[in-house]
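Notes for the one structure printed next.
Keep in mind it's a predicted model, so treat the numbers as computed, not measured. Numbers here simply count residues along the sequence, with the first being 1. For ligands, and for the atoms within them, numbers begin at 1 and follow the listed sequence.
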Amino acid sequence: MSTTPAETTVQAVLTDFDVKTGLSTTKAPLQRRLSAMADMYADQAAAAAQVAQDDVLVYEFFDMGVPSTSGDVAYGTSITYPGKVGDEYYMTKGHFHEVLDTAEIYYCLSGNGYMLMENPEGDWQAAEFKPGQAVYVPRRYAHRSINISATEPLVTFFAFPGHAGHDYGTIETKGFRKLCVERDGRPEFVDNPRWQA
Ligand SMILES: O=P(O)(O)OC[C@H]1O[C@](O)(CO)[C@@H](O)[C@@H]1O
Ligand SMILES: [Fe+2]
C-alpha cells in the first residue's frame with residue numbers, strides 16, 4: 001500500500017466517465033477475462049469450455065488513481081457484462097478490504113444486478129442494483145457485483161476509503177457462501193457447494 005506524506009500536496013485532478021456506460025476517456029480500464037477467474041464458477045466444466053471457445057471480457061473497471069491514504073477517497077466505475085457460466089451469472093471476483101473496518105458505496109448507473117455481501121461472522125446479504133439505487137457495503141463485508149440482465153452491462157460508480165486495500169486471497173480460497181444462479185428465468189441465491197468454512 002503506498003502512502004502519501006501528510007505534507008505532500010495532492011493536486012486536484014479532473015477525470016471523466018459517462019453516466020450510462022461508465023466508460024472514461026482519460027483513464028485506462030483494468031480488465032478481467034473469464035480465464036482470470038474461471039475457477040470461481042461452480043460449473044467448472046462449463047467455465048473451461050467457455051474459456052477454450054472464447055475467453056470473454058467479464059468485467060472492467062476504471063480506478064481514478066487516488067493516493068492510498070486514509071484521508072483520500074478512492075473512486076471509479078465498474079462494468080460487468082451480461083452472460084452466464086452454466087446457470088451462474090457473470091460476476092466480479094469479489095474481495096474483502098485489507099482494512100476490514102472500511103465500507104464502500106456503490107451507485108448503479110445502468111443495468112440490473114446484485115451486490116452480494118458476506119462477513120467473517122457468517123452473515124450474508126444481497127442488495128439489488130437498479131439505475132438510481134445506491135448500495136452501502138458495510139464495514140467487514142466482502143462484496144461482489146453480479147449482472148442478472150441478459151442483454152445490458154451492469155454499470156456502477158464506487159467510492160471507498162483510500163487506505164482500504166484489497167484482500168482477494170480469502171475469496172479465492174474460500175469462495176462466497178452463496179451463488180447467484182438462474183432458476184426458471186429468475187435469479188436465485190443458493191448455497192455454494194464448494195464454499196470452505
Ligand atoms: O475488485 P474486484 O472484485 O475484481 O471487482 C472490481 C471492483 O471492485 C473495486 O475494486 C472496488 O471495490 C473496483 O475497483 C471495481 O469496481
Ligand atoms: Fe471494495
Side-chain angles (χ1 to χ4, degrees), residues 1-2 15 17-24 26-41 47 55-70 72-83 85 88-120 124-127 129 133-148 153-180 192:
M1 184 173 78
S2 71
T15 55
F17 58 85
D18 184 276
V19 288
K20 175 138 197 297
T21 65
L23 299 172
S24 174
T26 51
K27 292 282 171 188
L30 288 155
Q31 302 188 316
R32 294 216 217 280
R33 296 191 173 272
L34 187 56
S35 57
M37 57 179 302
D39 53 355
M40 290 183 147
Y41 289 89
D55 188 13
V56 292
L57 181 64
V58 177
Y59 67 102
E60 59 186 324
F61 54 96
F62 293 88
D63 170 357
M64 299 308 183
V66 165
S68 307
T69 65
S70 57
D72 284 296
V73 178
Y75 72 102
T77 53
S78 175
I79 303 144
T80 306
Y81 291 99
V85 173
E88 191 175 3
Y89 297 100
Y90 279 2
M91 60 193 183
T92 63
K93 287 181 75 170
H95 57 267
F96 284 95
H97 288 164
E98 240 162 41
V99 181
L100 203 52
D101 262 329
T102 52
E104 182 158 350
I105 182 87
Y106 279 78
Y107 181 77
C108 183
L109 299 172
S110 60
N112 187 203
Y114 282 94
M115 179 60 89
L116 176 63
M117 298 164 270
E118 69 174 49
N119 68 6
W124 74 275
Q125 301 178 30
F129 277 132
Q133 253 165 230
V135 172
Y136 188 72
V137 178
R139 289 174 291 118
R140 303 185 69 78
Y141 279 76
H143 37 288
R144 159 179 283 170
S145 303
I146 299 166
N147 186 348
I148 62 164
L154 171 66
V155 184
T156 53
F157 171 85
F158 63 84
F160 59 94
H163 69 301
H166 290 74
D167 162 17
Y168 287 106
T170 306
I171 292 300
E172 279 167 0
T173 309
K174 294 160 58 107
F176 273 78
R177 287 160 202 272
K178 297 285 173 180
L179 306 175
C180 187
N192 176 3

Of the N, O or S atoms in H143, the one nearest the Fe ion (ligand 2): NE2

Distance-only polar pair, side chains of Q133 and Y107, donor-acceptor under 3.5 Å: no

Shortest protein contact, atom 10 (O) of ligand 1 (heavy atom only): H166 NE2, 2.7 Å

Side-chain donor-acceptor pair present, T15, Y75, cut-off under 3.5 Å: yes

Element-labelled atoms of ligand 1 that are located less than 4.0 Å from some non-hydrogen atom of S78: 16 (O)

Distance-only donor-acceptor check, side chains S68 and H163, under 3.5 Å: no

Identity of the nearest option to atom 11 (C) of ligand 1, non-hydrogen atoms only, from E60, E104, R144: E104

Distance-only polar pair, side chains of H95 and H143, donor-acceptor under 3.5 Å: yes

H97, N/O/S atom nearest the Fe ion (ligand 2): NE2

Identity and separation of the nearest protein heavy atom to atom 3 (O) of ligand 1: G94 N, 2.7 Å

Distance-only donor-acceptor check, side chains Y90 and N147, under 3.5 Å: no

Atom indices of ligand 1 within 4.0 angstrom of H143 heavy atoms, with elements: 12 (O)

Ligand-side contact atoms (ligand 1) for residue partner F61, heavy atom cut-off under 4.0 Å: 6 (C), 13 (C), 14 (O), 15 (C), 16 (O)

Contacting atoms of ligand 1, where contact means under 4.0 angstrom from a heavy atom of Y59: 2 (P), 4 (O), 5 (O), 6 (C)

Over-ring placement of K93 relative to Y168, 6.0 Å and 45° cut-offs: yes

R33/D55 salt bridge by N-O under 4.0 Å criterion: no

Metal-centred angle, the Fe ion (ligand 2) as apex - OE1 of E104, NE2 of H95, 10° resolution: 170°

Option whose closest heavy atom lies nearest to atom 13 (C) of ligand 1, chosen from F158, Y168, Y106: F158

Numbered atoms and elements of ligand 1 in range of R32, under 4.0 angstrom, heavy atoms: 4 (O)

Residue pair V73, F160: steps toward the side chain to side chain contact (heavy atoms under 4.5 Å, CB included) verdict: CA-CA 6 Å; V73 178; F160 59 94; over 6 Å; no

